Amino acid sequence: MRLKHSCPDELQNFLTKSGKPIVVLQQRKVMSAGTKVIASDDLYIPAIEYLKDKNYSIVFSGREEFPKDWHKYGVIDYANSTLASPKNDFHLYRIAKFGLLAASGTNFLAETQCLPYVQINSSQGAVPTYSKNSIILPSIWRDNESLKMISASHHIGNNLIYGVGVTPNMIMKSVTSEDILNATQ
């Protein structure tokens, strides 16, 4: 799809009505094997403000509920529009210039479309980045008793053993808004 099919006119008009380059933003509100720590809406705000100052149009993707506070930043709610579909997701990620993504399968969609991206709160923190154009910010895991950060091999093992949900005897912490902004910059 990246090379052979043009974006449908209706989608193109919806996404590019401002005439600005697009940043695709995806957020998780549900725990998964990839996301065991949910980032609050406000963690994205400094990066959203930075991207708006750099003259980007920000498009909310995925199928999560749109954060109401983001309306004031002009974020486009593609995720909950009538145009949201798997086929159109490919087009969105193809025409976007950058992605700010939660830990989910969207990193594979971004990779397929050659989209530079930042992925936040990956529970698979020891997994290397998928390409030279990606930055992965893992959630921080600590042992509940010693409060020491766990090793990469322990991190991988926990994710493989426990999958979705909270890992016993671990404290999981989100990345910060400063982490997200720095990686975006």
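The shown structure was predicted, so the numbers you read here are calculated from the model rather than taken from an experiment.
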Q) Would Asp41 and Gln27 count as a side chain to side chain donor-acceptor pair (under 3.5 Å) if you check the C-alpha gap in whole Å, the side-chain angles of each, and the deciding distance to 0.1 Å? A) CA-CA 8 Å; Asp41 299 345; Gln27 178 188 36; 2.9 Å; yes

What are the two closest heavy atoms between [X] and [Y], and how far apart are they?
{"X": "Ile38", "Y": "Arg28", "result": "CG2-O, 3.3 Å"}
{"X": "Ile136", "Y": "Pro138", "result": "O-CD, 3.3 Å"}
{"X": "Met149", "Y": "Ile140", "result": "CE-CG2, 3.7 Å"}
{"X": "Ser174", "Y": "Asn121", "result": "OG-ND2, 3.0 Å"}

Q) Does Glu145 come within less than 4.0 Å of Lys148, counting only side-chain N to carboxylate O? A) no

With a 6.0 Å cut-off (strictly less than), is the heavy-atom count around [atom1] of [X], excluding the residue itself, greater than 12?
{"X": "Asp9", "atom1": "CG", "answer": "no"}
{"X": "Gln185", "atom1": "CD", "answer": "yes"}
{"X": "Glu178", "atom1": "CD", "answer": "no"}
{"X": "Gln12", "atom1": "CD", "answer": "yes"}
{"X": "Lys29", "atom1": "NZ", "answer": "yes"}

Side-chain contact test, heavy atoms from C-beta onward, threshold under 4.5 Å: evaluate it for [X] versus [Y] and give yes or no.
{"X": "Thr184", "Y": "Leu100", "answer": "yes"}
{"X": "Val24", "Y": "Phe60", "answer": "no"}
{"X": "Glu10", "Y": "Leu83", "answer": "yes"}

Q. Are His71 and Phe66 near enough that their ring centres are under 6.0 Å apart?
A. yes

Q: Apply side-chain contact (heavy atoms from CB on, under 4.5 Å) to the pair Ile150 and Met170, showing each step before the final yes or no.
A: CA-CA 9 Å; Ile150 65 170; Met170 293 288 132; 3.5 Å; yes

(Q) Before you tell me yes or no, could you show the steps for Asn80 and Asp77 under side chain to side chain donor-acceptor pair (under 3.5 Å), namely the whole-Å CA-CA distance, both residues' side-chain angles and the distance that decides it to 0.1 Å? (A) CA-CA 6 Å; Asn80 297 287; Asp77 186 9; 3.0 Å; yes

Q: Using distance alone, with no hydrogens and no angle criterion, decide if Tyr78 and Asp89 have a side-chain donor and acceptor under 3.5 Å apart.
A: yes

Q.
Checking Tyr93 against Ser61: is there a side-chain donor and acceptor pair closer than 3.5 Å?
A. yes

Q. Roughly how far apart are Ile22 CD1 and Leu25 CG, rounded to 0.5 Å?
A. 13.0 Å

Q. CG of Leu101 to CD1 of Ile120: how many Å apart, nearest 0.5 Å?
A. 9.0 Å

Q | side-chain contact (heavy atoms from CB on, under 4.5 Å) between Asn13 and Lys17, intermediate numbers included | A | CA-CA 5 Å; Asn13 293 336; Lys17 57 187 163 197; over 6 Å; no

Q) Are Phe90 and Ile76 in one and the same hydrophobic cluster, where Ile, Leu, Val, Met, Phe, Trp and Tyr link if side-chain heavy atoms are under 4.5 Å apart? A) yes

